[in-house]
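Accompanying notes for the structure given below.
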Amino acid sequence: MAAVGVGGSTAAAGAGAVSSGALEPGSTTAAHRRLKYISLAVLVVQNASLILSIRYARTLPGDRFFATTAVVMAEVLKGLTCLLLLFAQKRGNVKHLVLFLHEAVLVQYVDTLKLAVPSLIYTLQNNLQYVAISNLPAATFQVSLQPGIAPRDPSRGGVGL
């Protein structure tokens, strides 16, 4: 019996057939665990260095850059990185990339519109973070940025610092 895959290809499916590269739920290899911890370390370093570099740049004497420009440029850089990764995933075929983007963005416009609201809120949040880091010490900003980690009021049953 043949089953049609996502790309229109057919594959034999029978009792005990397992797709190549599939892992059983809950099983991880040493390489996956290592990649997980490397990713965590990179994200920690990236997040801490971002906060410290923004704080340093925003407290320098002289003319300041606009926070909105920094946010827009960061989003443009992320967008270009995603396009580059998609281009590599499509094996350098520009036609396939354009067709994929047309399908994902224009044809499925309802999904694109659903992403517009969180995107706008995220942009507002990033702009407010620039305001906060300009007015708070880096350590205070970093701690108060994390949800659920802020000091609790002892009079309300929480543990104070």
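Just the heavy atoms: all of them, side chains too, but no hydrogens, waters or symmetry mates, feed the values below. Source: prediction; values computed, not measured.
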Is [X] reaching over with its side chain to a backbone N or O of [Y], donor-acceptor style, under 3.5 angstrom?
X    : Y    : answer
S49  : V45  : yes
T112 : V105 : yes
R58  : F65  : yes

If hydrophobic clusters are built from ILVMFWY residues whose side chains come within less than 4.5 Å, do [X] and [Y] share one?
X    : Y    : answer
L50  : V71  : yes
V94  : L86  : yes
I51  : L43  : no
L101 : F87  : yes
L128 : L136 : no

For the atom pair [atom1] ([X]) and [atom2] ([Y]), what is the distance rounded to the nearest 0.5 Å?
X    : Y    : atom1 : atom2 : result
Y109 : D111 : OH    : CG    : 10.5 Å
E75  : C82  : CD    : SG    : 9.5 Å
S39  : R34  : OG    : CZ    : 12.0 Å
M73  : K78  : CE    : NZ    : 13.0 Å
K95  : K90  : NZ    : NZ    : 13.5 Å
N126 : I121 : CG    : CD1   : 12.5 Å

### Message
Quick one, L120 with L124, criterion side-chain contact (heavy atoms from CB on, under 4.5 Å). Give me CA distance, side-chain angles, the key distance, then yes/no.
### Response
CA-CA 6 Å; L120 293 173; L124 176 64; over 6 Å; no

### Message
Looking at every heavy atom in both N47 and Q142, which two are closest together, and how far apart are they?
### Response
ND2-NE2, 3.3 Å

#### Entry: S134/R64 under side-chain contact (heavy atoms from CB on, under 4.5 Å): CA gap, chis, key distance, verdict
CA-CA 10 Å; S134 298; R64 285 189 184 178; 3.9 Å; yes

#### Entry: Residue pair Q129, I133: steps toward the side-chain contact (heavy atoms from CB on, under 4.5 Å) verdict
CA-CA 6 Å; Q129 284 180 352; I133 201 162; over 6 Å; no

### 4.5 Å side-chain heavy-atom contact, F100 and E103
no

### Task
Just do the side-chain contact (heavy atoms from CB on, under 4.5 Å) check on L97 and Q89 with the steps written out, would you?
CA-CA 9 Å; L97 176 65; Q89 186 181 26; over 6 Å; no

